[in-house]
2 protein chains.
Amino acid sequence: MKKAQRTKAKIEQAAFLLFAKRGFHATTMRHIAQAAGVSLGNAYYYFPAKDDLVFVFYENMFALQLQASKRNASRSGKLQVRLQTFLNGYLDAIEPYHELAREVVTVAVHPGSALNPFSKQSRQLRSASKEIFSEVFGDLIADHPLADCLPTLLWLFHLGVTLRWIYDDSEGRKPTIKFVQHSTTLVSKLIQFSRLPLFGGTHKLARNLLKPLMRHE
Amino acid sequence: MKKAQRTKAKIEQAAFLLFAKRGFHATTMRHIAQAAGVSLGNAYYYFPAKDDLVFVFYENMFALQLQASKRNASRSGKLQVRLQTFLNGYLDAIEPYHELAREVVTVAVHPGSALNPFSKQSRQLRSASKEIFSEVFGDLIADHPLADCLPTLLWLFHLGVTLRWIYDDSEGRKPTIKFVQHSTTLVSKLIQFSRLPLFGGTHKLARNLLKPLMRHE
DNA sequence: AACTATTATTGAACGTGTTCAAAAAACCGT
DNA sequence: ACGGTTTTTTGAACACGTTCAATAATAGTT
């Protein structure tokens, strides 16, 4: 491993540890540099801005999502049950980072930033995340007329759930649990309904709406 | 009018003008104070943080929304047509602030901030905005089993459209236009479908999901 | 009018993210 | 080993948001 890579990794690690312990705003670039054993300017050599260090947080979230999807796998034949189990496991896994997520969402949402969930730079993570949905729900949706779109739709749904969770400042996260319960039921019903001939006309619509999110993968 | 109120108004006005001309980040608190004819510290006496000055931008956006809803009123009996006309008029009205909106969304999304669309401080604006939807679409949805929820749902939908618009960095905003066209069609269809007995079971779900957004008004 | 309490205003000072010119280190062909 | 080129590292300097103790203006009371 090149020295430069090691230096970069040291900075990433220091940043993530400090973010997790003290929060994003309370952690200064000087803290990170000191913890990583480099100078302030050197940290900026590898990361053009403090915001860019948030990417390590992303990768961590994704890893947790992946682990959770395997640990709490439900093989129920009911889409709603499997969806709810999956999301509850995911939310449990990321719960330790709730406070940090609340701080970080402001940079994640910035349109020009590399960190927003629709950016080119996060494409790889996005694809990998959709892949999880493909694997977990593949057998249930394989015969669906919109089978190719559903992983993207479910990924978008999980983004919405994450947002709901971020905005949930209650103690036990009960509102989010309720939201997951109800929204998974609704989403499952709509997905089932959309197999009916009555919904034939909506397929093209759904496809057109999701198309911009499905390029390049 | 008390002098204090006039001072506050001067700061608000200076801030909005500078934000619109130079953008949010390029405008410093020192610029605002100077343009308003007060000292730097004095600006902070009225607004605890620069972010709080974004509220004037909100109010402006809302006023534009209201104007647009009256100017481009469609009385079509088709929900889709009326929805599309309404949203296109709204997007035209806010188009001059596209770049500013892209900068400001980061503070608007902050969960702890007074400026996020779900906060207590923005409740009044939120209610007034929903009221617009009630007036514009009231006659079309009055007999709907979810009539009481639909203004909130449409408000949420318009928030989604606004977000899509913010993320649209194309020249002519074509993708957003397409998005409005398709999503209004889909939403209209779903609203019509939900009158069918088949959808009876989803009404309680929808109500539960929207309930948290409907308190206090 | 005089005295007190509250409100409004000031500008210097602090900490933070970020930039940059300069120095050091690593690399590479000869 | 040497000279030149590129990569990496440094820390001082800058601009900005924010804080705060001090001062001025205003309002209220006797």
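Proteins get letters first, then strands, A, B, ... in listed order; numbering begins at 1 in each.
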Exercise for the section: Decide yes or no on salt bridge (Lys or Arg N to Asp or Glu O under 4.0 Å) for B:Asp168 and B:Lys174, but give the supporting numbers first. Expected result: CA-CA 9 Å; B:Asp168 185 353; B:Lys174 283 277 168 56; over 6 Å; no

Exercise for the section: Would you please confirm or rule out a distance under 4.0 Å between OP1 or OP2 of C:dT9 and any side-chain N or O of B:Tyr46? Expected result: yes

Handout entry: A:Gln80 atom CD, neighbour heavy-atom count above 12 within 6.0 Å
Key = yes

Handout entry: B:Glu59 atom CD: more than 12 heavy-atom contacts under 6.0 Å
Key = yes

Exercise for the section: Name the orientation class of the two ring planes belonging to B:His158 and B:Phe133 (parallel below 30°, tilted from 30 to 60°, perpendicular beyond 60°). Expected result: tilted

Exercise for the section: Please answer whether the main-chain N or O of B:Trp165 pairs with a side-chain N or O of B:His98 as donor and acceptor at a distance below 3.5 Å. Expected result: yes

Exercise for the section: Estimate the overall bend of the helix from C:dA1-D:dT30 to C:dT30-D:dA1 from the end axes over five pairs each, rounded to 10 degrees. Expected result: 10°

Exercise for the section: Check the distance between C:dT7's C1' and B:Lys8's NZ and give it to me in whole angstrom. Expected result: 14 Å

Problem - Single hit among A:Leu83, A:Leu150, A:Leu186 for side chain to side chain contact (heavy atoms under 4.5 Å, CB included) with A:Ile191 - result: A:Leu150

Fill in the blank from the handout: Readout for nucleotides 13-26 of chain C: B = base within 4.0 Å of protein heavy atom, S = sugar-phosphate only, - = neither; 5' to 3' it is B--SBBB-------

Practice task
Give me the ring orientation class for A:Phe137 and A:Phe86: parallel if the planes are under 30° apart, tilted from 30 to 60°, perpendicular past 60°.
Solution key: perpendicular

Exercise for the section: Anything under 30° is parallel, anything over 60° is perpendicular, the rest tilted; go ahead and classify A:Phe118 against A:Trp155. Expected result: perpendicular

Problem - Heavy-atom contact window of chain B on DNA chain D, given 5' to 3' at under 4.0 Å - result: D:dC16 to D:dT19

Practice task
Can you label the angle between the B:Tyr97 ring and the B:Phe16 ring as parallel, tilted or perpendicular, going by 30° and 60°?
Solution key: tilted

Problem - Side-chain donor/acceptor of A:Tyr58 to backbone N/O of A:Leu115, under 3.5 Å - result: yes

Practice task
Specify the separation, in whole Å, of atom CD of B:Gln34 and atom P of C:dT9.
Solution key: 17 Å

